[in-house]
Number of protein chains: 2
Amino acid sequence: MTRTAATAEPMKAHRLYLLLREQILSGEVPDSAKLPSEPQLAQEHRVSRVTVRRALDKLASDGMIERRPGSGTFVSGGQTRMPVVADLANALTHLVEMGRKTGVRLIAFSYVNATPTLAEELKLEPGERLQRSIRVRLIDGQPFSYLVTHVPERIGISYSEADLASTPLLELLERSGLVADKAQQIIGATLASPDVAAALDVEIGAALLSMTRVVYEASGRGIEHLQALYRPDRYSFHMELARTGDHGARRWTAADSRGLTEANENNEKKNARQKRPPLKRRTKNETGRDPSEP
Amino acid sequence: MTRTAATAEPMKAHRLYLLLREQILSGEVPDSAKLPSEPQLAQEHRVSRVTVRRALDKLASDGMIERRPGSGTFVSGGQTRMPVVADLANALTHLVEMGRKTGVRLIAFSYVNATPTLAEELKLEPGERLQRSIRVRLIDGQPFSYLVTHVPERIGISYSEADLASTPLLELLERSGLVADKAQQIIGATLASPDVAAALDVEIGAALLSMTRVVYEASGRGIEHLQALYRPDRYSFHMELARTGDHGARRWTAADSRGLTEANENNEKKNARQKRPPLKRRTKNETGRDPSEP
DNA sequence: TTTATCTGTCCTATAAAAGATACAGATTTT
DNA sequence: AAAATCTGTATCTTTTATAGGACAGATAAA
């Protein structure tokens, strides 16, 4: 009786929306192609036409499809996907070379005790103090990655909170005399949690690229643990492989990986066209407690 | 009046489930740790206890948590995440070396006309005939990847449909005298569509790792276009990076990438324990037409 | 023992998502 | 011109996720 609802979003409709959106952006459904008819979609996805309709409504309001009564639904042109970044190992290294404006927003900064997992991965004593920071990287003003980093306290104190907002962490670490020697990366995928979704300006439940990287110095001790989440529409890993060895062993090596997917200029326009309000900004307020609540 | 419902899944409950699941698998919540109490979780996430309960129910049926009345809810041991595969370039190459049983299930096989996007990526004439095959790879009987490959027809005829179900495509291509020279990979993330979800035995809307690979022969013509979708809980990309160059240039190269995340033997047990029915098997029936339908 | 804090059940109420259906208006096809 | 096939709309019903309680039994702490 006290409080009523919060948000509550459609479910099947929303999923279908995300799905179709993916197919369009990924080029799976070619530009200007005709989508299956509403009844057809309804049947294929085993939902009612009403639901299909809701999904299409959303797509239409994003400007991604065009609906012609009596004729059908068509993909609007210029949805070429994968607009932005790429690279394998050095991540953003050459972004700057390309003259794109990147930025960092520091979201959280604190000291915590290492969880068992963290300690193990960093090869530290469990319970050791770590400096934790959460940052969001922007490209041309648009967020594309959400970074949670853990650095041993003794190392972390060598730079200030402000430094973090301006300088890449690895550079900060090197300034303090540490030498990164090797690193390990694991790439996977996850769904966007509410916090991350808000920070990256995507919907909850969207697919995100995830990367976990642990950097070690020559002694073998871990000096940085990074958990990164990327918007796949703005960032993806890109690599060129060249064949090495003889025929028997099908073996490839990563060739130069600086091939960037060139930016799609249509994107600015597209993003402008699309209304993106329905996300409650809750970036910093991690508990999510609504002050207006009793 | 004909047909009634399909499935309809909770929303907040499901989200919470995914969230907690993530936290557990990622080690954010340590093994055997006590979760916050149900009322606490309810308050933190601003949902009712009923909802929390549903999420926990699901976790419990996955065998991930243990509930002790009067005491609390605890994380079951051995949830070390990222159980299965890994590697950067050669993907499955050393799986066999490790003695794990892999299998392939051929789901579809046909000839189609190249879509504009496909033609462009393969550097072919638009509209050229392509052989399309959809396969699902299994490891120890469990599906972990969904592969859609397109090969120019003239090349595709050199092997049979049956070959596909037993031999890696690249090997088939090489047998027919082609030499793969370079390849390009893009790694991203997507949501599972109904088809893929069914084939990979995940829920619709789950996060998947996606990889697009185009293989070219020395002449520059594309000989294989692969669109792969991976279950992130069973497969992830793994790479070791070593520092090269001098201090100024923070540059890394992919070192030997054969480091596999060793398999977690608990997994068999876990998967066995978990009931996995709620997915309508529709693997081959691509249209989704239900035969029981009028 | 008493008290506080858990989980396990059961119930009711409400809001809203999803389904089912019918029909009008636009196109395209035959 | 007629038929088939679209999208656009509107109404009505069913289903169900969620909220908000109340209460019993188990467990741990005081």
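The sequence lines fix the lettering, A, B, ..., with proteins before strands; numbering per chain opens at 1.
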For nucleotides 23-30 of chain D, just jot down a letter per nucleotide in 5' to 3' order: B, S or -, based on protein non-hydrogen atoms under 4.0 Å.
-> --BBB---

List the steps and the verdict of salt bridge (charged side-chain N to carboxylate O under 4.0 Å, His left out) for R67(B) and E38(B).
-> CA-CA 11 Å; R67(B) 309 166 96 176; E38(B) 293 176 3; 3.1 Å; yes

Does the pair R234(B) and D201(B) meet the rule for a salt bridge (charged side-chain N to carboxylate O under 4.0 Å, His left out), with working shown?
-> CA-CA 12 Å; R234(B) 299 205 175 138; D201(B) 200 9; 5.4 Å; no

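Here the nucleotide nearest the side chain of Q40(A), chosen from dA18(C), dC6(D), dA19(D), is dC6(D). The side chain of S37(A) lies closest to dT7(D), out of dG8(C), dG19(C), dT7(D).
Remark: C1' of dA19(D) and CD of Q43(B) are 15 Å apart, rounded to the nearest angstrom. The distance between atom CD1 of I65(B) and atom P of dT7(C), rounded to the nearest whole Å, is 10 Å. To the nearest angstrom, P of dA17(C) lies 13 Å from NZ of K12(A). Across the protein-nucleic acid pair, L41(A) atom CG and dT5(D) atom C1' stand 14 Å apart, rounded to whole Å. Atom pair L59(B):CG and dT7(C):C1' shows a separation of 15 Å (rounding to whole Å applied). Rounding to whole angstrom units, CD of residue E38(A) and P of dA22(C) are separated by 18 Å. When rounded to the nearest whole Å, the span between NZ of K34(A) and C1' of dT29(C) equals 11 Å. For R53(A) and dA17(C), the CZ to P distance is 17 Å, given to the nearest whole Å.
An OP1 or OP2 oxygen of dA19(D) is reached within less than 4.0 angstrom by a side-chain nitrogen or oxygen of S48(B). Phosphate proximity of dA17(D) to T51(B): absent, as no side-chain N or O sits under 4.0 Å from OP1 or OP2. The side chain of R67(B) places no N or O atom within less than 4.0 Å of a non-bridging phosphate oxygen (OP1 or OP2) of dC6(C).
Two residues, L56(A) and V47(B), neighbour DNA chain D, and the one matched to the more 5' nucleotide by heavy-atom proximity is L56(A).
Residues H45(B) and L41(B) are in side-chain contact: their nearest non-hydrogen atoms beyond the backbone lie under 4.5 Å apart.
Counting only N and O atoms by type, the side chains of Y17(A) and D62(A) include a donor and acceptor under 3.5 Å apart.
A salt bridge between K34(B) and E66(B) is absent, with no side-chain N of the basic residue lying under 4.0 Å from a carboxylate O of the acidic one.
A perpendicular orientation is assigned to the rings of H225(B) and H150(B), their planes being inclined by more than 60° (bins at 30° and 60°).
Judged by the 6.0 Å and 45° rule, R132(A) forms no cation-pi pair with F109(A).
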